[in-house]
Asker: 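What follows is a structure written as structure tokens; I'll ask about it next.
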Amino acid sequence: MSNELCPVTTDVARAARVLSSGGLVAFGTETVYGLGANALNEVAVARVFEAKNRPHFDPLIVHIADREWLHRLVDEFSPAATLLADAFWPGPLTMVLPRREIVPDLVTSGLPTVAVRMPNHPLALELLTAVDLPIAAPSANPFGQISPTTAQHVLDNLGGRIDLILDGGPCEVGVESTVVLMTGERPCVLRHGGVTVEQLELVLGPVDVQSSVDDDGAASNSTSELESPAAAMSPGMLSQHYSPTTPLALLSNVDVRSVVGKRVGLLRLVRRPATTGSIDEFAAVETLTEDGDLRLAAAHFFAALRRLDARGLDLILAESFPDEGLGRALNDRLLRACHR
Ligand code: AMP
Ligand code: MG
């Protein structure tokens with residue numbers, strides 16, 4: 001699968017050498033593929049922003065394999081944070097915590113906090129242990145586009161811009177981690193993801209959900225959005241993100257008369273003819289599951305969106321997911337993927 005510019009391998013020691021010497025390694029995790037660099041090396045971190053074309057106001061998540069590194073990066077680890085780490089690490093949960101000086105400003109976009117996660121993937125954990133460094137890793141895709149869930153997706157999108165891909169197979173969770181701000185009185189969900197609000201609340205009792213996370217995503221990526229209080233808490237959570245090149249809209253928001261004569265694709269959770277309204281023929285259909293299992297839907301979501309995007313359609317229509325469990329993370333991705 002490798003191309004001449006970018007080897008794809010399962011050789012962890014080789015990947016660790018690339019990271020130690022300041023290189024960029026994309027690696028599989030249980031959520032999506034990350035584009036990793038030594039979080040303590042500002043030049044390496046700057047290359048991540050460059051390769052992804054990611055704006056510097058959007059801070060990176062730092063990945064670790066053990067709690068020793070956590071205590072070197074983080075100033076204060078509250079009892080609530082300990083409960084969450086015990087319950088969900090390694091796993092798809094990112095905690096935003098007060099940071100120590102050692103973390104470069106570039107990683108945190110100058111914030112007094114750092115986002116930390118311990119991924120639950122054997123190869124990723126082996127890599128982090130072998131390199132023995134904290135690894136800053138956003139998703140391994142150009143900024144704003146569909147997240148990668150296989151090594152091939154990374155090769156297709158960033159093949160010429162990074163040093164190596166560590167092939168961890170297809171991602172099992174398939175959506176990004178849940179991001180929880182741990183500095184306030186009550187934990188606050190900044191981004192829905194692989195750990196559900198219901199799961200968090202079983203461990204901690206009630207948690208807050210930042211209001212912009214559950215809005216209808218109708219705002220555009222305007223200056224005012226970047227300057228809003230919500231953006232200050234959760235920079236990078238822009239209303240347009242995860243987008244295919246083909247325009248995407250929610251099925252429920254579209255007047256079917258307006259798509260007559262167009263080549264339209266459909267993304268849906270289950271086979272259910274009634275929900276297709278009066279559009280008789282879709283040029284392409286992706287059905288995420290046989291039985292509506294949201295975990296499977298999440299695992300298949302980004303790959304299905306990529307396949308639809310490759311079909312040269314005029315429009316992709318997507319059904320909303322049930323607004324519970326992983327359905328919230330999926331609806332969040334869908335709303336942000338919609339074209340404005
Ligand atoms: P990703 O693009 O998946 O790497 O996720 C990174 C996201 O985590 C950013 O876009 C922010 O929304 C959030 N994040 C990372 N660091 C912080 C931080 N220090 N404070 C608040 N949110 C953060
Ligand atoms: Mg991303």
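One-based numbering along the sequence shown. Each ligand, and each atom within it, is numbered from 1 in the order the structure gives.
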Asker: Where's the contact between L190 and ligand 1, heavy-atom distance under 4.0 Å: side chain, backbone, both or neither?
Answerer: side chain
Asker: Between the side chains of R72 and E68, is the shortest nitrogen-to-carboxylate-oxygen separation below 4.0 Å, so that they form an ion pair?
Answerer: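 Answer for the salt bridge query: yes.
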Asker: Going by the order shown, which atoms of ligand 1 are within less than 4.0 Å of some heavy atom of R191?
Answerer: 1 (P), 3 (O), 5 (O)
Asker: Any idea which part of H63 is under 4.0 Å from ligand 1, heavy-atom wise: side chain, backbone, both or neither?
Answerer: neither
Asker: Which option, A115, P138, A137, A136, owns the non-hydrogen atom nearest atom 16 (N) of ligand 1?
Answerer: A115
Asker: Please collect all salt bridge (Lys or Arg N to Asp or Glu O under 4.0 Å) contacts where either partner lies in residues 142-166, sequence neighbours excluded, each pair once.
Answerer: R47-D163
Asker: Could you tell me whether the side chains of T31 and R117 share a donor-acceptor contact shorter than 3.5 Å?
Answerer: yes
Asker: With backbone taken as N, CA, C and O and side chain as the heavy atoms from C-beta onward, which portion of T113 lies under 4.0 Å from ligand 1: side chain, backbone, both, or neither?
Answerer: both
Asker: How would you list, by chain and number, every residue that makes a side chain to side chain contact (heavy atoms under 4.5 Å, CB included) with T289, sequence neighbours excluded?
Answerer: L269, V270, D291, L296, A297
Asker: Side chains of E176 and S147: is there a donor and an acceptor less than 3.5 Å apart?
Answerer: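 Result is yes, a qualifying pair exists.
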Asker: Please determine which of P148, C6, S139 meets the side-chain contact (heavy atoms from CB on, under 4.5 Å) test together with V154.
Answerer: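 The residue from P148, C6, S139 that satisfies side-chain contact (heavy atoms from CB on, under 4.5 Å) with V154 turns out to be P148.
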Asker: Using a 4.0 Å cutoff against the non-hydrogen atoms of L111, which atoms of ligand 1 qualify?
Answerer: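 Selected atoms, number and element: 18 (C), 19 (N), 20 (N).
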Asker: Is R100 paired with D75 through a side-chain N to carboxylate O contact shorter than 4.0 Å?
Answerer: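 Salt bridge present between D75 and R100.
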Asker: Salt-bridge test for E172 and R295: reply yes if a basic N is under 4.0 Å from a carboxylate O, no otherwise.
Answerer: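 Salt bridge absent between E172 and R295.
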Asker: With no hydrogens and no angle check, just 3.5 Å: does a side-chain donor-acceptor pair link N331 and R336?
Answerer: no
Asker: Quick one: side chain to side chain donor-acceptor pair (under 3.5 Å) pairs with a partner in residues 83-99, sequence neighbours left out?
Answerer: R67-D86, T94-S177, R99-D105
Asker: Below 2.8 Å, which protein N, O or S atoms neighbour the Mg ion (ligand 2), ignoring water?
Answerer: S139 OG
Asker: Taking atom 10 (O) of ligand 1 as the point of reference, which of D58, L35, T94 owns the nearest heavy atom?
Answerer: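 Among D58, L35, T94, the closest heavy atom to atom 10 (O) of ligand 1 comes from D58.
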Asker: May I ask you to check whether T108 has an N/O atom sitting below 3.5 Å from an N/O atom of ligand 1?
Answerer: no
Asker: Under 3.5 Å, is there a donor-acceptor pair linking the side chains of D167 and T10?
Answerer: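 No, because no side-chain N or O of D167 sits under 3.5 Å from a partner of the opposite role on T10.
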Asker: What part of R99 sits under 4.0 Å from ligand 1 if we count only heavy atoms: the side chain, the backbone, both or neither?
Answerer: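 Within the 4.0 Å criterion, R99 makes no contact with ligand 1.
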Asker: Check this for me - ligand 1, E176, N or O atoms closer than 3.5 angstrom, yes or no?
Answerer: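 Between E176 and ligand 1 (N or O atoms, distance only) the closest approach is not under 3.5 Å.
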